[in-house]
Number of protein chains: 2
Amino acid sequence: MTRVLVIDDEPSILRALRINLSARQYEVSTAADGTSGLAAVARDRPDVLILDLGLPDMDGTEVISGVRGWTSIPIIVLSVWGQESMKVAALDAGADDYVTKPFGMDELLARLRAAVRRSAPAPDEPVVKTGHFTVDLAAKRVTRADQGDIRLTPTEWQILEILVRNRGRLVTQRQLLQEVWGPAYETESNYLRVYLAQLRRKLEPEASQPRYLLTEPGMGYRFQV
Amino acid sequence: MTRVLVIDDEPSILRALRINLSARQYEVSTAADGTSGLAAVARDRPDVLILDLGLPDMDGTEVISGVRGWTSIPIIVLSVWGQESMKVAALDAGADDYVTKPFGMDELLARLRAAVRRSAPAPDEPVVKTGHFTVDLAAKRVTRADQGDIRLTPTEWQILEILVRNRGRLVTQRQLLQEVWGPAYETESNYLRVYLAQLRRKLEPEASQPRYLLTEPGMGYRFQV
DNA sequence: AATGATCTTGATGAGGCCTTAACGCCGTCC
DNA sequence: GGACGGCGTTAAGGCCTCATCAAGATCATT
């Protein structure tokens with residue numbers, strides 16, 4: 001289910017969007033100002049962000065920059081008609097699309113679909129096999145050759161997914177922490193040690209001598225294929 | 001240089017876009033109908049497509065589908081005001097963005113920048129090969145032809161990365177010290193001697209007679225390809 | 001409200017990396 | 001020819017990072 005976060009200070013718009021989006025099977029969360037909006041992005045990790053530029057506490061482009069600093073989720077911007085310069089500034093700050101109020105719900109929904117479709121990563125090879133286990137990215141499932149399906153916790157899965165998508169490449173600790181826990185946790189490398197140990201215990205044939213989930217001391221981790 | 005293909009049947013618009021885009025260093029090609037437009041996409045392989053929906057020979061969504069069948073280049077659609085349903089249909093057919101005529105050139109340019117930025121995600125880093133080993137900058141991996149992967153420490157990797165990025169060029173000791181250890185260590189050239197020796201021992205076929213990691217006495221170091 | 005799973009946090013020991021110093025070599029300059 | 005400075009090499013100690021374990025905190029579910 002696609003998760004949408006709406007940041008807007010007008011209750012009527014929030015209400016209209018919540019109703020229309022929920023009816024179309026989106027999972028909707030809302031925020032009424034820029035500060036709580038930024039917090040909500042880090043906390044909820046939505047798939048799309050709908051952002052009103054006219055917020056009470058922050059300039060719209062600031063919010064965009066704050067989000068773009070660490071994630072590339074699609075941002076659709078709302079603003080009243082006639083503010084050409086703001087429109088340009090928002091797009092340059094990293095927004096993906098722009099809708100002028102008042103807007104038709106059909107148009108917003110179409111732009112939403114387009115934004116989600118664009119951001120959906122190319123389903124290149126959703127299934128990755130190693131000698132001892134198989135990772136199915138599409139089905140979110142891990143199977144071990146000798147003992148069937150493996151249960152992973154949400155956090156374990158997130159980490160494994162990032163490593164598998166970057167298989168062969170080194171992934172820095174910063175990148176992992178940022179994508180799983182958010183930008184405020186960039187230095188909590190202890191989390192990674194704990195979770196990598198758990199993943200190894202669940203996946204590696206010998207957890208103490210990893211063959212697939214490798215540590216590159218001082219740099220990060222690498223999924224070896 | 002970014003290549004833009006404009007498909008529109010109105011000469012005045014073609015002319016305006018050609019002038020404005022060329023002035024901003026885009027490489028512009030044009031087509032006046034859907035048939036020749038599709039041919040032009042296949043032939044010119046543009047980086048972005050600007051498409052007018054009101055073409056004489058084909059429906060706009062058909063053109064979009066025809067392009068989307070085999071490539072994922074960004075498509076910005078132009079159409080006259082008020083055609084909500086066409087707008088929705090175009091976005092659902094696979095268009096990336098939508099601009100209503102008459103449009104401000106600033107807005108179109110901003111959307112163009114946004115579209116190009118989105119479509120160019122990974123500035124793919126090169127893989128540099130020598131006769132005896134391979135450096136993959138994206139994967140942060142070094143492979144030696146005769147003995148597989150080589151493990152480098154973070155400092156070793158940083159130095160090698162700088163030298164490889166400047167391959168063929170001389171890199172001064174000051175530049176290396178500054179980028180790896182910071183500006184306070186500009187005179188600690190002993191560090192470089194230690195680490196260059198280690199890199200040579202790990203990478204060179206004969207560490208005592210370096211063929212790739214060359215010293216330029218009194219100046220700095222050079223990665224020879 | 002209680003239970004179990006999951007996430008966070010801290011402590012500990014081991015290993016590896018960085019730093020530093022010492023020494024020998026080679027070239028240049030006096 | 002000798003002194004000097006830059007470079008290559010080696011080795012040892014300190015420190016940082018990693019792996020592991022365990023307990024407390026938080027969350028979800030009943």
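The analysis underlying the following values was restricted to heavy atoms, covering all of them including side chains, and did not include hydrogens, waters or symmetry mates. The sequence lines fix the lettering, A, B, ..., with proteins before strands; numbering per chain opens at 1.
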Exercise for review: Name the nucleic acid region contacted by A:Glu216, choosing base, sugar-phosphate or nothing; use a 4.0 angstrom heavy-atom cut-off, strictly under.
Suggested key: nothing
Review point. Is a side-chain donor-acceptor pair under 3.5 Å present for B:Glu179 with B:Gln158?
Key: no
Check your understanding: Heavy atoms under 4.0 Å, any strand shown: does B:Ser189 hit a base, just sugar-phosphate, or nothing?
Key -> nothing
Review point. OP1 or OP2 of C:dT19 less than 4.0 angstrom from a side-chain nitrogen or oxygen of B:Tyr191, does that happen here?
Key: no
Review point. So what does B:Glu156 touch, heavy atoms closer than 4.0 Å: a base, only the sugar-phosphate, or nothing?
Key: nothing
Practice item. Establish, with yes or no, whether the OP1 or OP2 oxygen of D:dT9 is under 4.0 angstrom from a side-chain nitrogen or oxygen of B:Arg201. Key: no
Practice item. Grab the OH-C1' distance between B:Tyr185 and C:dT20 for me, whole Å please. Key: 12 Å
Point to revise | Any donor-acceptor pair under 3.5 Å from B:Arg200 side chain to B:Pro210 backbone | key: no
Review point. If you measure from CG on A:Leu91 to CZ on B:Arg113, what distance do you get to the nearest 0.5 Å?
Key: 8.5 Å
Point to revise | Closest to the A:Trp181 side chain, choosing from D:dT10, C:dT8, D:dT20 | key: C:dT8
Review point. With a 4.0 Å cut-off on heavy atoms, is A:Tyr221 in touch with a base, just the backbone sugar-phosphate, or nothing at all?
Key: sugar-phosphate
Check your understanding: Which nucleotide sits closest to the side chain of A:Val194: C:dA22, C:dT6, C:dG10?
Key -> C:dG10
Practice item. For the residue pair A:Thr30 and A:Arg18, confirm or rule out a side-chain donor-acceptor distance under 3.5 Å. Key: yes
Check your understanding: Reckon A:Arg193 has a side-chain N or O less than 4.0 Å from the OP1 or OP2 of D:dC18?
Key -> yes
Revision key, fill the gap. note: A:Leu199, atom CG; D:dT20, atom P; distance rounded to Å ~ 12 Å
Review point. Under 4.0 Å between a side-chain N/O of B:Gln173 and OP1 or OP2 of D:dG6, yes or no?
Key: no
Practice item. Considering just the side-chain nitrogens and oxygens of A:Ser208, establish if one lies under 4.0 Å of OP1 or OP2 belonging to D:dA19. Key: no
Point to revise | Rounded distance in Å - CZ (A:Arg43) to P (C:dC7) | key: 17 Å
Point to revise | Distance test, side-chain N/O of A:Thr215 to OP1/OP2 of D:dC18, below 4.0 Å | key: no
Exercise for review: Would you please confirm or rule out a distance under 4.0 Å between OP1 or OP2 of C:dC17 and any side-chain N or O of B:Arg151?
Suggested key: yes
Review point. What integer distance in Å separates B:Leu214:CG from D:dC7:P?
Key: 14 Å
Point to revise | B:Leu177 CG to C:dT20 P, straight-line distance once rounded to whole Å | key: 13 Å
Practice item. Round to the nearest Å and state the distance from A:Gln209 atom CD to D:dT20 atom C1'. Key: 15 Å
Review point. Going through the checks in order, is the side-chain contact (heavy atoms from CB on, under 4.5 Å) test met by B:Asp97 and A:Asp97?
Key: CA-CA 7 Å; B:Asp97 206 345; A:Asp97 205 346; 3.4 Å; yes
**Study point:** side-chain N/O A:Thr153 vs C:dC7 OP1/OP2, d < 4.0 Å
**Key:** yes
Check your understanding: Please give, in whole Å, the distance from D:dT9 P to B:Leu196 CG?
Key -> 10 Å
Review point. Is there a donor-acceptor pair under 3.5 Å between the side chain of B:Asp149 and the backbone N or O of B:Thr143?
Key: no
**Study point:** Closest listed nucleotide, where the reference is the side chain of B:Tyr195 and the choices are C:dT19, C:dT9, C:dA22
**Key:** C:dT19
Point to revise | Separation of atom CG in A:Asn190 from atom P in C:dA11, rounded to whole Å | key: 11 Å
